[in-house]
Chemist: 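Starting off with a structure, shown below.
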Amino acid sequence: MERVQAGHAPMLGKRVELGPPRDGRFKGKHILSVNQFSREDLEYVFSVAEEMRTAVELVGTFDLLKGKVLACLFYSPSTRTSSSFIAAVERLGGSAIPINEVKYSSVSKGESLPDTVRTLAAYADLIVLRHPETGAAATAARYSGKPIINAGDGQGEHPTQALLDLFTIRHERGHVDGLTITLLGDLKYGRTVHSLARLLTKHDVKVRMVSPETLRLPRDVLEEVRSRGLMVTEHASLEEVLPDTDVLYVTRVQKEYFDDQAAYDAVQGSYVITADTMRRARKDMVLMHPLPRVGEIAMEVDDDPRAAYFRQVQYGLYVRMALIAMVMGRA
Ligand code: NCD
């Protein structure tokens, strides 16, 4: 099969329009934070993601990145993020080196992040990194001769998740500007929320932050997004904001950051979305969750058409395909 070029692609006899030639603005770049993306960049990412969706629906897998190798280096647990990056590169015709359990790698012998990254950069064209320390992706980028994509660095950022979250909102609601978006849960430790709040500063939205008192958004993140013009209010209970909420984004309590079980137990289970919550929500509200959930959304809600969290997973594949292709200079 011919390689897909900007313009159009022959696929199983079908011509798949891939739009006009691109400017390669992300070619060879690290993706470390959502702050790197202008509003125009977002339009570009999402237009490429749409093309990926069309291509996957038509042919499943194609040869855009034939011969390219992605290293997926995960120092902390993941189901969706690691497997979606691997699926994404394989659907683009490339291959993956999955390192999901660093305890089986030389990291367990005490190898430093810079050395591991320099080694993988010798084998792969792109490195996707998840690490428990905030700032680890930026550190890796300093030592890697190949682009790094941050797949979650401690409590810092999770830029590809926020991009797929925004893509989901666009798809489910048709637009982002003008919406009231409520972020519920562990806003203190949850990196997906930190990235999404930053990304929402590029839009004209109202944001409601709802959390237990001990899990409020870090003050520096709050000040940062407010200083960029985001309209944010903080609330202790969902009830007061539910009627106006267009998008409800729920997160789990990040147990791994709690030192003591009693503090975790005090907040775990303090908010749960049930069929009753959904009855009181807007008929067109979109319910999202980055997953995994550990009880914050009752399973009885899953069949509600407003429950978008499994569609969100699917959109993530297209967004990650787009990001990989862009960084590889092939979008
Ligand atoms: C999130 C993460 O790892 O930050 N999961 C994900 O990537 N989909 C959210 C979480 O773990 O709670």
Side-chain angles (χ1 to χ4, degrees), residues 31-34 49 70 72-88 98-102 128-138 148-169 182-200 209-212 214-218 221 247-258 264 267-273 286-297 302 307-321 323-324:
I31 296 180
L32 304 178
S33 162
V34 291
L70 174 146
C72 218
L73 176 60
F74 276 55
Y75 287 77
S76 36
S78 166
T79 304
R80 269 151 297 275
T81 307
S82 65
S83 52
S84 70
F85 270 109
I86 292 168
I99 306 177
N100 277 326
E101 274 285 9
V102 286
V128 175
L129 175 73
R130 170 168 289 189
H131 197 281
E133 282 164 32
T134 306
I148 298 281
I149 296 183
N150 180 6
D153 63 329
Q155 298 155 28
E157 279 220 36
H158 194 348
T160 67
Q161 178 71 42
L163 289 165
L164 80 86
D165 293 339
L166 199 60
F167 188 70
T168 302
I169 296 171
T182 299
L183 308 182
L184 168 69
D186 182 347
L187 311 183
K188 179 177 181 186
Y189 298 122
R191 58 191 167 207
T192 69
V193 164
H194 303 166
S195 284
L196 184 56
R198 291 183 171 111
L199 206 49
L200 290 173
M209 301 279 184
V210 183
S211 67
T214 53
L215 297 179
R216 287 166 68 187
L217 194 74
V221 180
V247 175
L248 178 57
Y249 185 96
V250 185
T251 65
R252 74 180 169 98
V253 179
Q254 307 278 304
K255 185 174 188 197
E256 56 272 42
Y257 298 116
F258 282 73
Y264 174 73
V267 281
Q268 170 60 5
S270 61
Y271 53 93
V272 179
I273 305 302
V286 179
L287 179 62
M288 296 172 59
H289 194 305
L291 304 177
R293 64 174 155 179
V294 282
E296 315 76 45
I297 300 179
D302 296 356
Y309 27 94
F310 293 113
R311 296 193 290 278
Q312 196 177 343
V313 170
Q314 184 72 58
Y315 295 132
L317 175 70
Y318 311 132
V319 171
R320 290 187 171 125
M321 287 175 76
L323 292 169
I324 294 170

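When reading the values below, keep in mind they use all heavy atoms of this one structure, side chains included, and skip hydrogens, waters and symmetry mates. Just so you know, these numbers come straight off a predicted model, no measurement behind them. Note that the numbering runs from 1 along the sequence shown for the chain. Note that ligands are numbered from 1 as they come in the structure, with each ligand's atoms numbered from 1 the same way.
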Chemist: Check ring pair (Phe, Tyr, Trp, His ring centres under 6.0 Å) between Tyr318 and all other residues, then give those that pass, not counting sequence neighbours.
Modeler: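 For Tyr318 there are no ring pair (Phe, Tyr, Trp, His ring centres under 6.0 Å) partners, ignoring immediate neighbours.
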Chemist: Quick check for students: name every N or O atom pair between ligand 1 and the protein closer than 3.5 Å, with distances.
Modeler:
from	atom 1	to	atom 2	distance (Å)
ligand 1	3 (O)	Arg130	NH1	3.3
ligand 1	3 (O)	Arg130	NH2	3.1
ligand 1	3 (O)	Arg191	NH2	2.9
ligand 1	4 (O)	Arg191	NE	2.8
ligand 1	4 (O)	Arg191	NH2	3.4
ligand 1	5 (N)	Leu291	O	3.0
ligand 1	7 (O)	Thr81	OG1	2.9
ligand 1	7 (O)	Arg130	NH2	3.1
ligand 1	7 (O)	His158	NE2	2.7
ligand 1	8 (N)	Gln161	OE1	3.3
ligand 1	8 (N)	Pro290	O	2.9
ligand 1	8 (N)	Leu291	O	3.1
ligand 1	11 (O)	Arg252	NE	3.3
ligand 1	11 (O)	Arg252	NH2	2.9
ligand 1	12 (O)	Arg252	NE	2.7
ligand 1	12 (O)	Arg252	NH2	3.4
ligand 1	12 (O)	Gln254	NE2	2.8

Chemist: Kindly indicate whether the side chain of Asp165, heavy atoms from C-beta on, has any atom under 4.5 Å from the side chain of Leu199.
Modeler: no
Chemist: Output all residues satisfying ring pair (Phe, Tyr, Trp, His ring centres under 6.0 Å) with Tyr189, sequence neighbours left out; order by chain, then residue number.
Modeler: Tyr257, Phe258
Chemist: Is the closest side-chain heavy-atom distance between Cys72 and Asn100 below 4.5 Å?
Modeler: no
Chemist: Could you give all pairs that pass the salt bridge (Lys or Arg N to Asp or Glu O under 4.0 Å) test and reach residues 185-200, with sequence neighbours left out?
Modeler: Glu157-Arg198, Arg198-Glu224
Chemist: Under 30°, 30 to 60°, or over 60°: which ring-plane class applies to Phe167 and Tyr315, parallel, tilted or perpendicular?
Modeler: perpendicular
